[in-house]
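Shown next, in structure tokens, is the structure this report addresses.
Hydrogens, waters and symmetry mates play no part in the numbers below; they use all other heavy atoms, side chains included. Residue numbers start from 1 in every chain, and the chains themselves are labelled A, B, ... in the order their sequence lines are given, proteins ahead of strands.
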Protein chains: 2
Amino acid sequence: MTHITRKITRIPEGGAVREVLDRIGDKWSLLLIGTLRDGPMRFGELEQTVEGISQRMLTLTLKRLVEDGLVDRTAYAEVPPRVEYELTELGRTLLPMVISLAEWAMAHHEEINANRTSR
Amino acid sequence: MTHITRKITRIPEGGAVREVLDRIGDKWSLLLIGTLRDGPMRFGELEQTVEGISQRMLTLTLKRLVEDGLVDRTAYAEVPPRVEYELTELGRTLLPMVISLAEWAMAHHEEINANRTSR
DNA sequence: CAGGATCCGTGATGATACTG
DNA sequence: CAGTATCATCACGGATCCTG
């Protein structure tokens with residue numbers, strides 16, 4: 001852990017990282033994943049829980065998450081329609097990081113804000 | 001874990017999370033933070049390492065990271081100029097998550113790509 | 001209820017050229 | 001070398017209206 005020839009100066013396969021970041025690093029994906037951590041939720045439920053999200057963005061983001069295999073969509077043939085979304089196995093593997101990030105955010109956002117305004 | 005009134009259905013202080021996500025969840029911040037994990041680096045070094053980043057975006061992103069207190073900037077009064085960037089203490093607290101994310105990305109990006117194209 | 005379709009502003013990013 | 005300045009673009013995302 002000292003100065004022993006650090007060879008790994010860069011993240012290998014930075015392309016993959018950027019690729020994935022482009023998918024989950026957008027405005028709503030991580031928030032949705034975090035919101036889904038306790039189990040299935042309906043469309044409207046998500047819309048109310050993730051405050052600030054527009055119907056359009058909820059639709060689009062969910063669609064992409066489903067395409068990427070992070071979220072499962074289940075539509076029940078009922079009237080009125082009911083659609084539930086829940087994390088896939090793959091999606092669940094992201095949870096620890098999402099939760100860590102959320103906790104980090106809550107722990108440090110004030111500090112960051114303070115830094116910003118103090119210059 | 002059955003139906004016992006799950007109270008924590010949403011991330012508390014979602015505002016803070018979104019706030020922080022808006023700062024570090026952009027196109028380059030996490031990549032830069034990950035790149036700086038082994039110690040100080042010069043501007044040009046970063047430019048070459050983080051491939052694809054434009055000079056402009058490198059400048060802007062670094063500036064924001066410095067403002068937010070995640071990165072320190074040290075300019076040496078030399079000719080030619082030398083400027084080094086390195087993570088602050090606060091910035092270093094993000095490293096575990098960044099590294100986890102990078103590893104997750106590398107481990108799953110193929111799976112995600114496969115999912116995407118298989119629909 | 002759960003979306004689809006459309007219109008549109010604007011912020012983020014890239015390219016290029018210039019400078020202390 | 002390490003930036004600034006300027007211009008152009010384009011995807012992101014919001015608002016609104018419509019429908020199976």
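Rounded to whole angstrom, the span from the CE atom of B/Met57 across to the P atom of C/dT13 amounts to 6 Å. Protein atom CG of A/Leu32 is 12 Å distant from nucleotide atom P of D/dG13, rounded to whole Å. Rounded to a whole Å, the CZ atom of A/Phe43 is 14 Å from the C1' atom of D/dT19. Rounding to whole angstrom units, CG of residue B/Leu58 and P of D/dA2 are separated by 10 Å. Rounding to whole angstrom units, CD of residue B/Glu45 and P of D/dA2 are separated by 9 Å. Across the protein-nucleic acid pair, B/Glu51 atom CD and C/dG14 atom C1' stand 17 Å apart, rounded to whole Å. A straight line from CD of B/Glu84 to P of D/dC1 spans 15 Å, rounded to a whole angstrom. Counting to the nearest Å, the P atom of C/dA15 and the CD atom of B/Glu47 are 12 Å from each other.
In this structure, of D/dT4, C/dG14, D/dG13, it is D/dG13 that holds the atom nearest to the side chain of A/Asp26.
The side chain of B/Arg42 places an N or O atom within less than 4.0 Å of a non-bridging phosphate oxygen (OP1 or OP2) of D/dA2. Listed pair A/Lys27 / D/dG14 meets the phosphate criterion, a side-chain N or O lying under 4.0 Å from OP1 or OP2. For A/Lys63, a side-chain nitrogen or oxygen approaches OP1 or OP2 of C/dG4 to under 4.0 Å. Between B/Arg73 and D/dA2 there is no side-chain N or O to OP1 or OP2 distance below 4.0 Å.
With hydrogens and angles left out, the side chain of B/Arg56 and the base of C/dT16 share no donor-acceptor pair within 3.5 Å.
Using a cutoff of 4.0 Å between basic side-chain nitrogens and carboxylate oxygens, A/Arg116 and B/Glu67 are scored as salt-bridged. Electrostatic pairing of B/Asp22 and A/Lys27 does not count as a salt bridge here, judged by no charged N lying under 4.0 Å from a carboxylate O.
Residue A/Glu111 qualifies as enclosed at atom CD: its count of foreign heavy atoms under 6.0 Å is above 12.
Note on B/Ser54: only backbone sugar-phosphate atoms sit closer than 4.0 angstrom, heavy atoms only; bases stay farther off. Across all strands shown, A/Tyr76 has no heavy atoms under 4.0 Å from either base or sugar-phosphate atoms. In this structure, B/Gln55 reaches the bases: a heavy-atom distance under 4.0 Å links it to at least one base atom across the strands shown.
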Could you go through B/Glu89 and B/Arg92, starting from their C-alpha distance and side-chain angles, then the distance that decides it, and tell me whether this counts as salt bridge (charged side-chain N to carboxylate O under 4.0 Å, His left out)? CA-CA 5 Å; B/Glu89 263 305 304; B/Arg92 257 188 289 280; 3.4 Å; yes
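B/Trp28 has its side chain within reach of B/Met57: a pair of non-hydrogen atoms, C-beta onward, lies under 4.5 Å apart.
Two residues, A/Ile53 and A/Pro81, neighbour DNA chain D, and the one matched to the more 5' nucleotide by heavy-atom proximity is A/Ile53.
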